[in-house]
*Asks:* 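First the structure, which I've put down as structure tokens, then a few questions once you've had a look.
Both backbone and side-chain heavy atoms feed into the values below; hydrogens, waters and symmetry mates do not. Naming convention: chains lettered A, B, ... in sequence-line order (proteins, then strands); numbering from 1 in each chain.
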Number of protein chains: 2
Amino acid sequence: MDQPSRSAGTVRPGGRTARVRAAVLETTQDELVEHGFHGLTMDQVAARAGVGKTTVYRRWGSTAGLVVDLMTELANQSSPHTDTGTIEGDLRANALSVLGAISDGRLGATFQAVIAAATCDEQAAHALRSFYLRRIEEWANVVDLAVKRGELPEGTDGAEVIRAISAPLYYRLVVTREPVTREVAERSVTRTLAAARAGAFVVPGSGG
Amino acid sequence: MDQPSRSAGTVRPGGRTARVRAAVLETTQDELVEHGFHGLTMDQVAARAGVGKTTVYRRWGSTAGLVVDLMTELANQSSPHTDTGTIEGDLRANALSVLGAISDGRLGATFQAVIAAATCDEQAAHALRSFYLRRIEEWANVVDLAVKRGELPEGTDGAEVIRAISAPLYYRLVVTREPVTREVAERSVTRTLAAARAGAFVVPGSGG
């Protein structure tokens with residue numbers, strides 16, 4: 001959702017196992033970006049990563065298994081939420097982070113490949129859902145802080161506010177296939193904030 | 001975007017050419033739903049539709065050509081916008097129409113297959129964009145009518161309001177892979193309307 005480092009394979013220094021995982025995930029991402037999920041094969045990943053086929057099969061099982069682990073790694077690398085002191089500042093930071101991820105050639109193509117994979121593979125769908133729910137949960141905290149500061153009504157649903165920031169960007173990216181610009185991101189913040197201030201994100205029955 | 005009839009092949013009575021097109025598009029949709037874009041082949045469509053291969057190749061050129069024509073047909077069949085007399089009624093009708101399309105097994109799977117195809121095929125992306133832009137343009141009229149009635153501020157961007165209604169539904173459908181329920185649709189209407197009434201959809205410099 002928002003911007004992790006561009007590659008999955010650049011982290012986790014450690015022993016041989018960690019190095020093998022880093023190489024395999026880096027290669028998985030390369031192959032996804034270049035050929036999509038339907039072009040991803042275990043043998044090609046093993047060959048390109050310089051890792052034995054049996055290791056790749058034993059550890060990841062399938063190409064869907066590779067995608068699941070890649071998305072886990074990308075989520076692990078993603079930044080924590082900001083704390084700019086205002087909800088507008090935090091939501092703008094979130095929107096620009098999502099925009100940055102979408103606009104990054106490598107990361108954007110990775111997300112699009114997994115979004116495509118998820119339409120026909122249940123494991124990929126699960127990996128995608130887990131990734132975004134972790135990011136939504138992380139950023140929902142900025143809404144809770146804003147409610148405590150009195151910037152937004154009591155009972156405002158933080159996860160829903162964060163979903164609302166991202167939705168118009170992804171809608172243009174993968175559905176209407178229209179450009180996703182900084183203006184689109186800024187407008188999403190303005191509109192979501194207007195609705196949130198009007199109480200439209202208050203959960204019924206929350207006492208807010 | 002919103003709900004056309006479930007199948008592309010059920011319309012356009014007419015001569016042999018129209019019947020061939022109907023059969024080929026119906027079969028294209030069947031194959032997309034069952035096997036996705038990567039499983040779509042010209043030969044299988046021709047065989048299943050009972051049409052000569054040369055006809056299919058000559059008339060549609062490629063599987064992407066089949067998808068382009070299918071999306072054109074689905075757009076042609078889509079309903080015009082409602083005119084319930086209130087912007088809330090019209091936006092609810094729009095949201096429920098989108099929900100109906102997404103929730104329909106055959107249509108929903110068709111959209112998801114084309115969304116997936118569009119991530120790696122420029123013709124499919126163009127077909128998808130054309131389909132949604134036609135639907136957005138059609139429904140933007142309900143916003144213009146609301147502005148004339150004084151329900152929404154002058155200068156409110158109708159196309160952007162319609163995008164905002166759909167965005168949270170598609171975000172859940174294809175990105176976070178969360179359930180898209182009637183409650184999700186209703187909330188999208190409430191939140192979009194709150195932002196629109198607050199002037200958050202007024203185009204800068206429109207005089208509104």
Side-chain angles (χ1 to χ4, degrees), chain A residues 1 35-39 109 111-122 124-133 135-136 157 159-161 163-178 183-184 187-201 203-204, chain B residues 1 35-39 109 111-122 124-133 135-136 157 159-161 163-178 183-184 187-201 203-204:
Chain A
M1 175 163 144
H35 309 296
F37 182 66
H38 280 88
F111 290 149
Q112 288 202 49
V114 182
I115 286 169
T119 65
C120 57
D121 183 286
E122 195 39 58
H126 181 75
L128 199 67
R129 184 163 50 242
S130 300
F131 175 83
Y132 285 102
L133 291 185
R135 300 311 301 154
I136 290 167
D157 184 329
E160 279 291 277
V161 171
R163 285 187 185 91
I165 294 289
S166 280
L169 282 65
Y170 278 96
Y171 179 64
R172 283 175 172 263
L173 180 74
V174 294
V175 180
T176 65
R177 311 286 316 179
E178 295 174 278
E183 191 176 15
V184 169
R187 283 178 182 167
S188 183
V189 173
T190 307
R191 291 164 186 173
T192 302
L193 255 185
R197 286 179 174 140
F201 285 92
V203 183
Chain B
M1 176 163 140
H35 309 296
F37 182 66
H38 280 87
F111 290 149
Q112 288 203 50
V114 182
I115 286 168
T119 64
C120 59
D121 184 286
E122 195 38 58
H126 181 75
L128 199 67
R129 184 164 49 242
S130 300
F131 176 83
Y132 284 102
L133 291 185
R135 300 310 300 154
I136 290 167
D157 185 328
E160 279 291 276
V161 171
R163 285 187 185 91
I165 295 289
S166 279
L169 281 66
Y170 278 96
Y171 179 65
R172 283 175 172 263
L173 180 74
V174 294
V175 180
T176 65
R177 311 286 316 181
E178 295 174 278
E183 193 177 14
V184 169
R187 282 178 181 167
S188 182
V189 173
T190 307
R191 290 163 186 174
T192 302
L193 255 184
R197 286 179 174 141
F201 286 92
V203 184

*Asks:* Distance-only, no hydrogens or angles: does the B:R129 side chain make a donor-acceptor pair with backbone N or O of A:R177 under 3.5 Å?
*Replies:* yes
*Asks:* Could you tell me the separation between the CG atom of B:L173 and the OH atom of A:Y170, rounded to the nearest 0.5 Å?
*Replies:* 15.0 Å
*Asks:* Under the side chain to side chain contact (heavy atoms under 4.5 Å, CB included) rule, collect the residues that match up with A:A194, sequence neighbours excluded.
*Replies:* B:A195, B:A198, B:A200
*Asks:* Counting only heavy atoms closer than 4.5 Å, note whether B:R172 contacts chain A via side chain, backbone, both or neither.
*Replies:*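 Only the side chain of B:R172 comes within 4.5 Å of chain A.
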*Asks:* For the candidates A:A125, A:G199, A:C120, A:P168, which exhibits the highest count of non-hydrogen atom pairs separated by less than 4.5 Å from chain B?
*Replies:*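 With the most close heavy-atom pairs to chain B, the winner is A:A125.
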*Asks:* Among all residues two or more places apart in sequence or in another chain, which pass the side chain to side chain contact (heavy atoms under 4.5 Å, CB included) test with A:H35?
*Replies:* A:E31
*Asks:* If you take all heavy atoms of B:I115 and A:V174, which pair is closest and at what distance?
*Replies:* CG2-O, 3.6 Å
*Asks:* I'd like to know which of A:Q112, A:E160, A:R197, A:R187 tops the heavy-atom pair count under 4.5 Å against chain B.
*Replies:* A:E160
*Asks:* Given the options B:L133, B:V114, B:T176, B:T192, which has more heavy-atom pairs under 4.5 Å with chain A than any of the others?
*Replies:*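 That would be B:T176.
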*Asks:* Is A:F37 close to chain B through its backbone or its side chain, or both, or neither, when contacts mean heavy atoms under 4.5 Å?
*Replies:*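 Contact with chain B is absent: no heavy atom of A:F37 under 4.5 Å.
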*Asks:* Is it the case that atom NE2 in A:H126 sees more than 12 heavy atoms from other parts of the structure closer than 6.0 Å?
*Replies:*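 Counting other residues, nucleotides and ligands, NE2 of A:H126 stays at 12 neighbours or fewer.
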*Asks:* Is the closest side-chain heavy-atom distance between B:R191 and A:R191 below 4.5 Å?
*Replies:* no
*Asks:* What orientation do A:Y171 and B:Y132 show, parallel under 30°, tilted 30 to 60°, or perpendicular over 60°?
*Replies:*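 Correct class here is perpendicular.
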*Asks:* Out of A:L193, A:L169, A:L128, A:T190, return the one with the most heavy atom pairs under 4.5 angstrom to chain B.
*Replies:*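 Most pairs with chain B among the choices: A:L128.
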